[in-house]
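Shown next, in structure tokens, is the structure this report addresses.
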Amino acid sequence: MDKPFSQEIQDARKRIAEVGGEPKAFDIEVLTEPEVCSTPGPDVYTVKVLFKGCPTLYQGGSGLDWVTDFEYDLKWGVFGAMPGKKR
């Protein structure tokens, strides 16, 4: 059985590769504890993406699509230009 959220993390890593980045350069962690979630609830969680020592937080859960938000940030250079990305 897959770990919880493993499909979402796989999708995020696929998006990294699609823009020319190295998926292994990103550490993606799902935080479900109420004390680390900005909007705790039964279906809400925080996703921490660590790249070059800098964390970026996304909200996931019911009605939220953190992978799309992450992809948007990748495409707009929030994490810097990806080596294989063509402009």
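Please read these numbers as outputs of a predicted model, since none were measured by experiment.
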Closest approach of [X] and [Y], non-hydrogen atoms and distance?
X     : Y     : answer
Leu74 : Phe26 : CD2-CZ, 3.9 Å
Trp66 : Gln59 : CB-O, 3.4 Å
Phe79 : Thr56 : CE2-OG1, 3.6 Å

Sequence-distant partners of Asp69, side chain to side chain donor-acceptor pair (under 3.5 Å), two or more places apart: none
With Asp27 via side chain to side chain donor-acceptor pair (under 3.5 Å) - residues at least two apart: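 Residues passing side chain to side chain donor-acceptor pair (under 3.5 Å) with Asp27: none at all.
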Pairs involving residues 44-67, ordered by first then second residue, that meet salt bridge (charged side-chain N to carboxylate O under 4.0 Å, His left out) (sequence neighbours left out):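 Qualifying pairs, neighbours excluded: Glu29-Lys48.
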Straight-line distance of Ile28 CD1 to Phe70 CZ, nearest 0.5 Å: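 If I round to the nearest 0.5 Å, the distance is 5.0 Å.
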Spacing of CZ belonging to Phe51 relative to CG belonging to Asp73, to within rounding of 0.5 Å: 12.5 Å
Give the table of side-chain donor-acceptor pairs shorter than 3.5 Å for residues 14-25, with sequence neighbours excluded, one pair per line with atom names and distance.
| from | atom 1 | to | atom 2 | distance (Å) |
| --- | --- | --- | --- | --- |
| Arg15 | NH1 | Glu71 | OE1 | 3.0 |
| Glu22 | OE2 | Lys24 | N | 3.4 |

Matching residue for Tyr58 among Thr68, Val67, Val49, Val30 - test: side-chain contact (heavy atoms from CB on, under 4.5 Å):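 The single option meeting the side-chain contact (heavy atoms from CB on, under 4.5 Å) with Tyr58 is Val49.
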